[in-house]
Amino acid sequence: MTIEMGVVLVLIVGMLLALFFEVARPDMIVFTVLVILLISGILTTEQALIGFSNEGMLTVALLFIVAGAVQKSGLVERFMTHWLQKSRGPVSSMVRTFVPISGMSAFLNNTPIVVAFTPIIKKWCEDRGYAPSKFLIPLSYATIMGGTITLIGTSTNLVVHGMLLDYDMAGFGMFQLAIVGLPLTVVGLIYLFTIGYRILPAYEGTQRRMEDEAKEYLCEMKVESAFPYVRKSVQEAGLRDLQGMFLIEIIRRDERISPVSSNTVVQAGDRLIFTGVLEKMADLQRTAGLTLKTGTELTLDDLQNGSNQLVEAVVSHQSSLQAKTIKQAQFRSSYDAGVVAVHRNNERIQSKIGDIRLRPGDSLLLLAGSDFLQKYKRSNDFYVVSALETPGSIREKPVKGWFSLGVLLAMIAIVTVGWLSMFQAMALAVLIFLVARIITPEEAKRYVQFQVLLLIASAFGVGSAMTETGLAAWIAKGLLAFGEPLGIIVVLFFVYALTNLFTELITNSAAAVLMIPIGLSIAESLNADPMGFAVIIAIAASASFVTPIGYQTNLIVYGPGGYKFSDYIKVGLPLTVIAMVMTVGIVYTFYF
């Protein structure tokens, strides 16, 4: 191993650790590593910027716009809402729901599909007495599996496609991945409808779950001078044995009192940190002299006038709020909304509201104006999921929705017959949408997830460093030394497992970019078909089922479903094994 290889290896290990421990936003972590590689001279400027001009990355950017234009009309959501109303039993409802959703995710971006359907499915479950937790993980998994069917089903496929083009290879055809993706989706859905349904936890609906897990919700009350129990003990003030509420801490200027005893004296100006349920927070707020702090002038009483609403928002992977406190993020001025409570699964947060340092997956209960959902529905900072009512679709003329869908299908047909490349077809589709005024340039800009693009483009540069320094070939040689004597099928299992491990710990696109140079080096050493390794890496990078942090859609349903980290392991591990065995078996049969 050379010094340059060692430096790159240390940087990549550091990058993986930083991504795993969520030190900062993923795009900033990977971009930082890219800058270090550039400044150190390991990469030239041209090599560092290779990802920013990559066809696959640019196609992802265009696909964000195309998918946004199709979903803007609400045509898909209205169809699925109507379709759900005809469903009866829970299992038959899953079949009616997730089969078409898998088909949609083969051609549309997975993330907005899950964002749109999470509140619809959750409300439908609660109206009929079903546990939403039985449906929301399958919603995420169904979109992930459906995305493996086509080239445009997920950004990961396009990223691998773009890398193959950079290596002067043919790239993927529109339905080339369907040889694995289609049978995987069919078998995966059967697993979810049978064994998976039984394994899935049956957590109660929102109201019962909030009562059962009251100590995981946090709010802050300020003691005013009008509080009748100032200078009285907590016990005398009636704050000790509250039903559905628990006083965990008192903040008094720079002093923190925790745990709070029955004899602790309450003083004016104290900030009381409670964990509890929304209904009990509202009751407690009616106590004279106690004020619920939301970070805004709004209070829960403002809900009665109809101009304000409660909204549940999940902090996203790409959020600029990541690793910032609510106070540092200037949440009130930025979003014109107050944070009523914070929910972090399986963890009690010991802090006042403004001092909570946010992480991906945190559920924020917001008191916001009536236009909040409309303004921030497509914000990169969080996935907005209304906890009390399903967000209404933007009112568009149905003809625009059908026109958008027709353009998308036409572009897919053109790519399939080979008249245009994927990039050319998506560029043409965006132009048609802009000229026909289906979307405005401002809307197109909002649809593009720039943090995702920065992450992908930066990861290309890091992957280039692995290739240029010989690190990829060195790692490939190590894997071959262990796996080759056992046969090529064992090597394929190694490549799949390593890619899947990366995607669970970091992100799917970054995992694919890191593994492609290694996979192609192994193929070259074995004199084997490199396309087989590319297919395995593309599928393995998308098939994230074991953790909520590996794939955005898993993170979106994490809070609304009330899941624990272990729930993903219990349901996702068997599905991961199924996906690995099927993928390696099919690829081995067709390519080797």
message = Restricting to side-chain hydrogen bond (donor to acceptor under 3.5 Å, both in side chains), what partner residues turn up for Thr143, sequence neighbours left out?
response =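 Checked Thr143 against side-chain hydrogen bond (donor to acceptor under 3.5 Å, both in side chains); zero matches.
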
task = Kindly write out the residues that satisfy side-chain hydrogen bond (donor to acceptor under 3.5 Å, both in side chains) with Ser542, not counting sequence neighbours, or none if the list is empty.
result =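 Per chain and number, Ser542 pairs via side-chain hydrogen bond (donor to acceptor under 3.5 Å, both in side chains) with no residue.
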
request  = Starting from the C-alpha separation in whole Å, work towards a yes-or-no answer on side-chain hydrogen bond (donor to acceptor under 3.5 Å, both in side chains) for Asn508 and Thr503.
outcome  = CA-CA 5 Å; Asn508 50 334; Thr503 204; 5.2 Å; no

First locate atom [atom1] of [X], then atom [atom2] of [Y], and finally report the distance between them rounded to the nearest 0.5 Å.
X	Y	atom1	atom2	answer
Ile518	Met466	CD1	CE	3.5 Å
Ile537	Leu492	CD1	CG	10.0 Å
Met426	Leu408	CE	CG	6.0 Å
Leu520	Met515	CG	CE	10.0 Å
Asn500	Ile539	CG	CD1	11.5 Å
Asp362	Gln322	CG	CD	9.5 Å

Write down the atom of [X], the atom of [Y], and the distance for their closest heavy-atom approach.
X	Y	answer
Leu165	Ala170	CD2-O, 3.6 Å
Met163	Ala512	SD-O, 4.4 Å
Pro201	Ser133	O-OG, 2.5 Å
Ala444	Ile439	CB-CD1, 4.0 Å
Ala476	Ser521	CB-CB, 3.7 Å
Ala142	Leu189	CB-CD2, 4.0 Å

Within the distance-only criterion (no hydrogens, no angle test), does the side chain of [X] pair as donor or acceptor with the backbone N or O of [Y] below 3.5 angstrom?
X	Y	value
His161	Gly171	no
Asn554	Thr547	yes
Thr118	Val114	yes
Thr150	Ala106	yes
Ser105	Ser102	yes
Ser404	Val70	no
Asp567	Ile199	no
Ser155	Val60	no
Gln424	Ser421	yes
Ser140	Leu136	no

inquiry  = Other residues, nucleotides and ligands only: do more than 12 of their heavy atoms fall within 6.0 Å of OH on Tyr167?
reply    =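 Counting other residues, nucleotides and ligands, OH of Tyr167 exceeds 12 neighbours.
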
Quick one: which residue pairs count as a side chain to side chain donor-acceptor pair (under 3.5 Å) with a foot in [range], not counting sequence neighbours?
range	value
residues 53-67	Asn54-Asp166
residues 173-193	Gln176-Tyr591
residues 570-588	none

Taking the side chain as every heavy atom from C-beta outward, state whether [X] and [Y] have any pair of such atoms under 4.5 Å apart.
X	Y	answer
Thr154	Thr148	no
Val557	Tyr568	yes
Leu63	Leu158	yes

query = Could Lys134 and Tyr197 be counted as a cation-pi pair, given that NZ or CZ must be under 6.0 Å from the ring centre and within 45° of the axis?
reply =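 Output yes; distance and angle both within limits.
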
request  = Would you check if the distance from the ring center of Tyr141 to the ring center of Phe545 is below 6.0 Å?
outcome  =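 Judged by ring-centre distance (under 6.0 Å), Tyr141 and Phe545 do meet the cut-off.
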
query = Hey, what's the ring geometry for Phe98 with Phe135, parallel, tilted or perpendicular (30° and 60° as the breaks)?
reply =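 Plane angle between 30° and 60°, so tilted.
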
request  = Give every residue pair that meets the ring pair (Phe, Tyr, Trp, His ring centres under 6.0 Å) criterion with at least one member in residues 491-538, sequence neighbours excluded.
outcome  =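 Listed once each, the pairs are Phe482-Phe494, Phe533-Phe592.
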
ask   = In this structure, which one of Val180, Val490, Ile489 forms a side-chain contact (heavy atoms from CB on, under 4.5 Å) with Val584?
value =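 Of the listed residues Val180, Val490, Ile489, the side-chain contact (heavy atoms from CB on, under 4.5 Å) partner of Val584 is Ile489.
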
